[in-house]
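For reference, the structure discussed in these notes is given below.
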Amino acid sequence: MTTSSTTKTRPVNDSFALEVLEGLNGTPRTISPAFFYDAKGSVLFDEITRQPEYYQARTERGILDSIRSDLAAHLQGPIELVEFGAGSAEKTETLLEALDVATYRPVDVSASALEGAARRLGSRFPGIAIDTVVQDYHNPVELGPVPKGQSRVAFFPGSTVGNFHPSEAAKFLGRVARMLGKGGALVLGVDLVKDPDVLHAAYNDAAGVTAEFNLNALRHVNARTDAGFDVNTWKHYSFFNPMASRIEMHLVCTEAQDVRLAGQTLHFDRFDSIWTESSYKYTPQTMGELARAAGFTVETVWMDERKWFGVMLLRAIA
Ligand SMILES: C[S@@+](CC[C@H](N)C(=O)[O-])C[C@H]1O[C@@H](n2cnc3c(N)ncnc32)[C@H](O)[C@@H]1O
């Protein structure tokens with residue numbers, strides 16, 4: 001663990017620094033969850049998925065493995081597969097094996113994660129054209145035309161949709177529906193509401209990997225701006241808020257400090273906090289309503305035996 005206290009000079013018009021500053025000046029103070037993901041953040045996320053408490057990745061992978069032939073029956077090729085927030089694209093292997101995919105376009109803010117994924121998948125699936133897209137999907141993603149003779153299918157696993165506020169999720173899904181066009185399919189992974197103790201444990205693993213991942217947001221900000229957060233004095237705090245049906249992840253300051261960022265001094269009192277992530281939990285019904293409002297119909301919902309996770313096949317209406 002490193003604490004950055006070095007003085008780095010960065011131009012104040014650095015858009016990353018300005019975005020961080022805007023979030024830290026808000027009420028509540030926030031840092032976008034996209035800022036967890038520098039190269040180290042992407043590695044830490046993959047480590048989280050291997051923690052015994054983090055059932056999501058294993059469960060979603062199990063569902064995808066069990067529905068290979070169903071997916072192939074619903075999604076005929078040749079396909080251009082566009083994946084949002086692909087990261088290391090481990091689960092994508094199941095889709096690339098099961099479907100007739102001609103082109104794979106993973107979209108992510110983490111260039112290092114995409115490079116690693118493209119190298120691995122390129123050697124495993126030499127017949128598939130891989131085109132990585134380093135973009136922030138909060139903005140419209142520029143993909144260009146669908147390759148001739150292929151139909152576009154979108155994949156958004158990992159319940160990353162839960163990181164959007166539901167109203168933002170509806171807007172994002174609306175953009176995906178328009179990008180797909182009438183009849184286009186989205187395969188969406190959704191973490192479902194369940195016993196709060198199970199949820200709490202998943203975001204508070206005993207090995208402390210989620211805590212490191214959360215603190216990495218401050219390290220990432222220190223590395224890319226002139227900020228000097230004393231990372232060792234911040235604490236991971238995460239809990240399930242049943243009224244809002246979401247996990248909230250916060251960083252709590254344990255020692256008062258002033259942090260200079262992009263020409264401004266930010267003061268943090270002891271026990272001030274920064275909200276770094278929400279992870280909304282849905283039922284198939286609540287996500288179905290949201291998807292319909294965004295311009296999809298729900299074709300199928302597959303769940304594991306415990307009904308902890310859902311994989312939904314959505315079709316764009318217009
Ligand atoms: C929860 S992880 C899921 C990774 C992988 N899809 C999985 O299911 O294991 C979220 C992924 O979305 C990416 N991501 C987060 N915010 C993003 C944004 N605003 N634009 C593009 N990618 C983003 C992260 O880099 C990360 O790879």
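Hydrogens, waters and symmetry mates are skipped; everything else that's a heavy atom, side chains included, is used. One-based numbering, in listed order, for ligands and for the atoms of each.
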- Non-hydrogen atom of Pro157 closer than 4.0 Å to ligand 1: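 Contact present.
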- Message: Could you check whether any heavy atom of Glu90 sits closer than 4.0 Å to an atom of ligand 1, since that is the contact criterion I want to use?
- Response: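 No, that is not the case, since the closest heavy atom of the residue is not under 4.0 Å from the ligand.
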Atoms of ligand 1 less than 4.0 Å from [X] heavy atoms?
{"X": "Ala86", "result": "5 (C), 6 (N)"}
{"X": "Gly158", "result": "8 (O)"}
{"X": "Ala34", "result": "16 (N), 19 (N)"}
{"X": "Gln135", "result": "20 (N), 21 (C)"}
{"X": "His138", "result": "19 (N)"}
{"X": "Gly87", "result": "27 (O)"}

Protein residue, atom and distance nearest to [atom], heavy-atom basis:
{"atom": "atom 25 (O) of ligand 1", "value": "Asp108 OD1, 2.5 Å"}
{"atom": "atom 19 (N) of ligand 1", "value": "Asp136 OD1, 2.8 Å"}
{"atom": "atom 2 (S) of ligand 1", "value": "Tyr37 OH, 3.4 Å"}
{"atom": "atom 15 (C) of ligand 1", "value": "Tyr137 OH, 3.5 Å"}
{"atom": "atom 8 (O) of ligand 1", "value": "Lys91 NZ, 2.6 Å"}
{"atom": "atom 6 (N) of ligand 1", "value": "Gly85 O, 2.7 Å"}

If we count only N and O atoms by modelled type, under 3.5 Å, do the side chains of [X] and [Y] hold a donor and an acceptor together?
{"X": "Asp304", "Y": "Thr59", "result": "no"}
{"X": "Ser279", "Y": "Tyr203", "result": "yes"}
{"X": "Asp258", "Y": "Thr265", "result": "no"}
{"X": "Thr103", "Y": "Gln150", "result": "yes"}
{"X": "Thr233", "Y": "Gln257", "result": "yes"}

- Query: Do Phe45 and ligand 1 have an N or O pair less than 3.5 Å apart?
  - Reply: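 N/O-N/O distance under 3.5 Å: no.
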- What do you reckon, does Thr160 have a nitrogen or oxygen under 3.5 Å from a nitrogen or oxygen of ligand 1?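 Min N/O separation from ligand 1 is not below 3.5 Å for Thr160.
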- Contact summary for Pro145 and Arg105, nearest pair of heavy atoms: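 Closest approach of Pro145 to Arg105: O-NH1, 3.8 Å.
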- Message: Does Glu22, at its CD atom, have more than 12 non-hydrogen atoms belonging to other residues, nucleotides or ligands within less than 6.0 Å?
- Response: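 Counting other residues, nucleotides and ligands, CD of Glu22 stays at 12 neighbours or fewer.
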- Task: Cation-pi check, Arg306 to Tyr55: give yes when NZ or CZ is under 6.0 Å from the six-membered ring centre and within 45° of the ring axis, no otherwise.
- Result: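 Negative - Arg306 is either too far from the ring of Tyr55 or too far off its axis.
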- Task: Look at the aromatic rings of His220 and Phe16 and report parallel, tilted or perpendicular, splitting at 30° and 60°.
- Result: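 Tilted: the ring planes of His220 and Phe16 meet at 30° to 60°.
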- Using salt bridge (Lys or Arg N to Asp or Glu O under 4.0 Å) as the criterion, list what pairs up with Glu168, not counting sequence neighbours.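 Per chain and number, Glu168 pairs via salt bridge (Lys or Arg N to Asp or Glu O under 4.0 Å) with Lys171.
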